[in-house]
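Just below is one structure, and these are the notes that go with it.
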Amino acid sequence: MTTPAAKPRVLMVGLGMIGASFAKALCLSQAATVIGLDAQPGVADKARAMGIVDEAVSFPDLNTTFDAVILAVPVLAMGPVLTQLKPWLSADTVISDVGSVKGAVVDAARDALGQLPAGFVPGHPIAGAERSGLAAAKSDLFDHHLLILTPLPTSSAEAVQLLTRLWQSVGADVVTMSVSRHDEVLAATSHLPHLLAFSLVDTLARESENREIFRYAAGGFRDFTRIAASDPTMWHDVFLANREATLNILRRFQSDLTVLADAIEHREGATLKSVFGRAKSARDYFTEILSSRQRHTDDIRKNLIAAPVRAGLAGAVAVPGDRSISHRAVILAALAEGQSELRGFGNGHDNRTTLEALRKLGVGIEADDTGCVQLTGVGRQGLKAADSPLYMGNSATSMRLMAGVLSAQSFSSELIGDASLSHRPMDRIQQPLQSMGARIDLSPRKTAPIVIHPAEALKPLDYQLPMASAQVKTALLFAGLCSGVSMRLQEAGPSRNHTEVLLARLGCPIHAEAGVIELAPARQWAGFQSDIPGDFSLAAVHLAAASLVPGSEVTMSGVGVNPSRVGLLDVMGRMGARIELTNYRDLGGEPVADLQVNYAPLVATEGAADVAGLLIDEYPLLFVLATQAEGISRFSGVRELRYKETDRLKTMVEGLTTLGADIELKGDAVIIRGRSDRPLDGGIVDCGGDHRVALAYVVAAQTALRPIIIRNSGRVLGAYPDFAEHALALGYSVTVED
Ligand code: S3P
């Protein structure tokens, strides 16, 4: 088989809507060389002429070699096609399909091939459209859609990896589940609805002469029956192939329908109301998931185009309120007793996510556009169960901090997130919270959804954190605080201490020294007033850009300079950056200063592992700076970057390499050979929806040779809503592509 680095040859069998779309997307992404094969004469050649596949072949003599074959043919045709293909399959050919039933495909493969080869991993993209044919092929059909792989006990890890890579390269979110679970889930969510739509349209058409009744049908009928226009042959295949699972759910549905029919017959309004009420709440939940997913994909897909500037950056801006402090302050205010007022609350999506979650948990909150938030605290045991899962969007801080709070409540909660957040590790909070007695379920991959069950009173905790993480530390402190138990946490390395600062200010019995944090059983705290400093991590963008662009001078007032946040200042100082801090003051226990940054030539530096937590979010910017600093820079202990909104080691190393940087990953260290006389090149990079990575590329572009197109960077505007305005004021060259 091909080594993972080489470009695999993929045989796409069946160039209908799904097969042609996958082929087209693979060709465009350059992830594979695609060979097209279709039972209908001429179709593969036409696909090659249209650029949908790279090569075209036909039976009986394929006359080609391939590493993987994807069967994009109707489910009942899988067996015969595999029998035909058998002479060309080797022991390690990867074999997969796109069928909407998996059990039947496995049986067909076993019959056709005699046994299940290690390369066989069934698959199913949850995407489609009513149109068919080559012309309907859409290269973005799978973008941000689920792709379910159902690996078998016989499947090799290499085959799963190759298929995951191929599907991810066309934008799909790959998940795995068992064959039987897949067939049950699809029977309920797709096959049964299709059966009902076909059946209802058929009943009505036969009831009414000349189909005259359809003239009076409106939106409800149209929405309910849209899928009855699907291909009858394909659906006939699906039901025959997935008999057992569809029959199970159909029988259950029949008996539920009988309950409704009886209720109507006997005028049992209460039964009708309770069924409809339950259904409405479930559907509202579904609507919420759909619309948040939609919002998320709309946002993220936008591209930024950043270009080299001709003159230095100059001017003054006030960056928005600190994101980390805003999360903590609003949660502690919600759990306080009485009124609180926060000023300078962060205006990004993540902070609003925490605010919305607290509202759903029964906290009265008023927030205006100026960053003023007024809350009526409900007390640390006063939250109410939310009536649907709490959607945490892209925000791991919201999810982990709220999980700490909710673990100590007497009701159940479910926390869900977008695709990126649903990939991030949650066992890092589950394990210690469970040892306090909390009851928390995660997905088999130890990720969200997080389901929290009501627990008995939580127990004290003495815990050594395995990684430097302020989110984990804070989640545990919040659980301890809400349940009034003592806690001793030993940090693996320094991390931001905003929670400790705020708790001390609220009079909670907390003591932090030399990496050990002790919390004694706390009493309820009262509402408070707080001004939130400017976000250093956003200011860091301008510190980096102004340091790079000759002739720059930028000032920012009121920026938080808590020593546990500003590790970047030390590192940039050693690189020769000219950054001055003036007008030091205290804002609610947090140190604040005005920053002035001027261009200065930079030299390489070492970034030590033991302080990595002090500049964790600033590494993408630092990597960019290091490419332009003379000499070899080495940043150690940066493994945690793998677990952020994207795997930031991967996204940054790949992107900067595309731009011509000499950057290398060695174990847990990043090594960059910088040249002050060699600007980065332009090109297309993908930040995978990670706003910090996108902002680092915006900075890189200001002194690059050509423009940089930053794909999937729309979240920059969600994370830093004033960015476009600030960038314009300071003279950046950056635009949002429509
Ligand atoms: C944060 C902590 C850090 C940081 C994140 C915000 C916080 O995450 O990367 O942007 O507010 O506690 P980890 O705790 O995972 O290091």
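Numbering starts at 1 and runs along the sequence shown. Counting starts at 1 for both ligands and their atoms, following the listed order.
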Response to the item:
Nearest non-hydrogen protein atom to atom 2 (C) of ligand 1, with distance, is Gln471 CG, 3.6 Å

Discussion item. Is the shortest side-chain heavy-atom distance between Tyr391 and Thr353 below 4.5 Å?
Written reply: no

Worksheet item: Is it the side chain, the backbone, both or neither of Lys473 that has a heavy atom closer than 4.0 Å to ligand 1?
Response: neither

Worksheet item: At what distance is the nearest protein heavy atom to atom 3 (C) of ligand 1, and which residue and atom is it?
Response: Lys644 NZ, 3.8 Å

Practice prompt. Taking the six-membered ring for Trp and the full ring for Phe, Tyr or His, determine whether the centres of His726 and Tyr720 are under 6.0 Å apart.
Written response: yes

Worksheet item: Only one of Ile325, Ile616, Leu614 clears side-chain contact (heavy atoms from CB on, under 4.5 Å) with Arg496; which?
Response: Ile616

Worksheet item: In the protein, which heavy atom is nearest to atom 12 (O) of ligand 1, and how far is it?
Response: Arg328 NH2, 2.6 Å

Worksheet item: Is Met467 near ligand 1, meaning one of its heavy atoms is under 4.0 Å from it?
Response: no

Worksheet item: Taking heavy atoms and a distance under 4.0 Å, where does His498 meet ligand 1: side chain, backbone, both or neither?
Response: neither

Worksheet item: Of the protein's non-hydrogen atoms, which lies at the shortest distance from atom 11 (O) of ligand 1, and what is that distance?
Response: Ser324 OG, 2.7 Å

Item to complete: State whether Tyr643 and Arg428 meet the cation-pi test: NZ (Lys) or CZ (Arg) under 6.0 Å from the six-membered ring centroid, and within 45° of the perpendicular axis.
Response: yes

Fill in: Salt-bridge contact Asp617-Arg565 (side-chain N to carboxylate O under 4.0 Å)
no

Item to complete: Check each atom of ligand 1 against the heavy atoms of Ile616 and keep those under 4.0 Å away; list them by number with element.
Response: 9 (O)

Discussion item. If I apply the N/O under 3.5 Å rule, does Ala470 come out as touching ligand 1?
Written reply: yes

Item to complete: Please identify which atoms of ligand 1 are closer than 4.0 Å to at least one heavy atom of Thr397.
Response: 6 (C), 7 (C), 11 (O)

Discussion item. Between Asp531 and Arg343 (salt bridge meaning N to carboxylate O under 4.0 Å), is one present in this structure?
Written reply: yes

Discussion item. Test of understanding: given a 4.0 Å heavy-atom threshold, classify the contact between His327 and ligand 1 as side chain, backbone, both, or neither.
Written reply: neither

Discussion item. With a 4.0 Å cut-off on N to O distance, would you call Asp594 and Arg585 a salt bridge?
Written reply: yes

Discussion item. Do the side chains of Arg574 and Glu606 get close enough for a salt bridge, i.e. N-O under 4.0 angstrom?
Written reply: no

Worksheet item: Can you list the atoms of ligand 1 that are under 4.0 Å from a heavy atom of Ser469?
Response: 13 (P), 14 (O), 15 (O), 16 (O)

Discussion item. What I want to know is whether Asp617 and ligand 1 share at least one N or O pair that is separated by under 3.5 angstrom.
Written reply: yes

Discussion item. Salt bridge check, Glu645 against Arg715: does any charged N sit closer than 4.0 Å to a carboxylate O?
Written reply: no

